[in-house]
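Inspection log for the structure reproduced underneath, given as structure tokens.
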Number of protein chains: 2
Amino acid sequence: MSAISKFIKKKRREAGLTQEEFAIRSGLGLRFVRELEHGKETVRMDKVNQALSMFGMEAVPGKKDE
Amino acid sequence: MSAISKFIKKKRREAGLTQEEFAIRSGLGLRFVRELEHGKETVRMDKVNQALSMFGMEAVPGKKDE
DNA sequence: AATATTTATACCCTTAAGGGTATTACATAC
DNA sequence: GTATGTAATACCCTTAAGGGTATAAATATT
């Protein structure tokens, strides 16, 4: 599971949001939110960044291991 | 320009590779490499990670500003 | 300056991402 | 047990991402 997928799932739950509520608030499709959290690797980066921006984050290069 | 785009462009040049050479070595399409470095936002995350993995990196959540 | 190299756009095609919706599975209650 | 809320899969459709190739522009290099 990617760091991004795990991050979104964790943060969303901490915010007390369902996938549906998160989808609505972020302007993303519910199916996309599900697939992103489920670890789908072929998602589009703009949508990923749209999700991350809900928590003031964006996709950046990071060390692979650790 | 996204942090990832800038990172790839910078690292590729530091490695002394042309976009074409980088495309070949990473197994990505030349056109994709061009569009990624040019800042296209709708690229696919798996391809982005394939590019980042050339430098031992992957897309992770990071603070937006700074 | 001219020339070679690298990078950027534009064309068409195939494939699949994302959306909507419905259905199914999985919880956590009651 | 049944009901309720949440999450996961499956269907079809529209749109566009990515590949290949060709051409144009930009950037060295001499």
Side-chain angles (χ1 to χ4, degrees):
Chain A
M1 192 76 66
S2 81
I4 290 175
S5 292
K6 279 186 289 191
F7 178 85
I8 292 293
K9 191 168 201 165
K10 182 167 175 290
K11 280 290 189 179
R12 173 183 62 78
R13 284 182 163 162
E14 286 176 5
L17 298 174
T18 65
Q19 291 176 334
E20 194 170 7
E21 250 305 304
F22 182 78
I24 291 167
R25 295 200 192 185
S26 63
L28 294 164
L30 172 57
R31 229 191 51 180
F32 172 81
V33 173
R34 293 205 204 293
E35 291 178 336
L36 172 60
E37 289 195 0
H38 199 249
K40 187 177 182 182
E41 295 179 348
T42 58
V43 289
R44 259 168 50 179
M45 281 291 308
D46 61 330
K47 304 284 179 182
V48 173
N49 280 323
Q50 197 173 333
L52 288 172
S53 71
M54 293 293 288
F55 307 109
M57 307 286 269
E58 68 183 341
V60 301
K63 288 235 170 56
K64 215 167 182 177
D65 42 24
E66 97 178 272
Chain B
M1 194 75 68
S2 81
I4 290 175
S5 293
K6 281 186 290 192
F7 178 85
I8 292 294
K9 192 167 201 167
K10 182 168 176 290
K11 281 289 189 181
R12 172 183 63 78
R13 284 182 163 162
E14 285 177 7
L17 298 173
T18 66
Q19 291 176 336
E20 192 169 8
E21 251 304 304
F22 181 78
I24 290 167
R25 294 200 193 184
S26 63
L28 294 164
L30 172 57
R31 230 193 50 177
F32 172 82
V33 173
R34 293 207 203 291
E35 291 179 335
L36 172 61
E37 290 195 358
H38 199 249
K40 186 177 181 183
E41 296 180 345
T42 58
V43 290
R44 256 170 51 180
M45 197 173 71
D46 61 330
K47 305 283 179 183
V48 173
N49 280 324
Q50 197 174 334
L52 287 172
S53 72
M54 293 293 287
F55 307 109
M57 307 285 267
E58 69 183 340
V60 302
K63 290 234 169 57
K64 215 165 186 180
D65 42 25
E66 97 177 275

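Numbered from 1 within each chain, the chains take letters A, B, ... in sequence-line order. As the structure is a prediction and not an experimental result, all values here were calculated from the model. Side chains included, hydrogens not; waters and symmetry mates left out as well; all remaining heavy atoms used.
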Note to self: Please classify the nucleic acid contact of B:R44 as base, sugar-phosphate, or nothing, using heavy-atom distances under 4.0 Å.
What the structure shows: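 Since only primed, P, OP1 and OP2 atoms lie under 4.0 Å of B:R44, the category is sugar-phosphate.
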
Check: A:R13 near the nucleic acid: base, sugar-phosphate alone, or nothing, with a heavy-atom cut-off under 4.0 Å?
Finding: nothing

Looking at [X], I'd like to know whether one of its side-chain N or O atoms comes within less than 4.0 Å of OP1 or OP2 on [N].
X: A:Q19; N: D:dA8; answer: yes
X: A:K47; N: C:dA17; answer: no
X: B:K9; N: C:dA8; answer: yes
X: A:T18; N: D:dT6; answer: no

Next item on the list: Classify the side chain of B:R34 versus the base of C:dA8 as yes if they form a donor-acceptor pair under 3.5 Å and no if they do not.
Entry: yes

Report the distance from atom [atom1] of [X] to atom [atom2] of [Y], rounding to the nearest 0.5 Å.
X: B:L17; Y: B:I24; atom1: CG; atom2: CD1; result: 10.0 Å
X: B:L52; Y: A:K64; atom1: CG; atom2: NZ; result: 9.0 Å
X: A:E37; Y: A:F32; atom1: CD; atom2: CZ; result: 10.0 Å

Check: Does one hydrophobic cluster hold both A:M45 and A:M54, with members joined at side-chain heavy-atom distances below 4.5 Å?
Finding: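 Yes, A:M45 connects to A:M54 through the hydrophobic network.
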
Note to self: Assuming nearest nucleotide by heavy-atom distance, tell me which of A:L30 and A:T42 is located more 5' along DNA chain C.
What the structure shows: A:T42

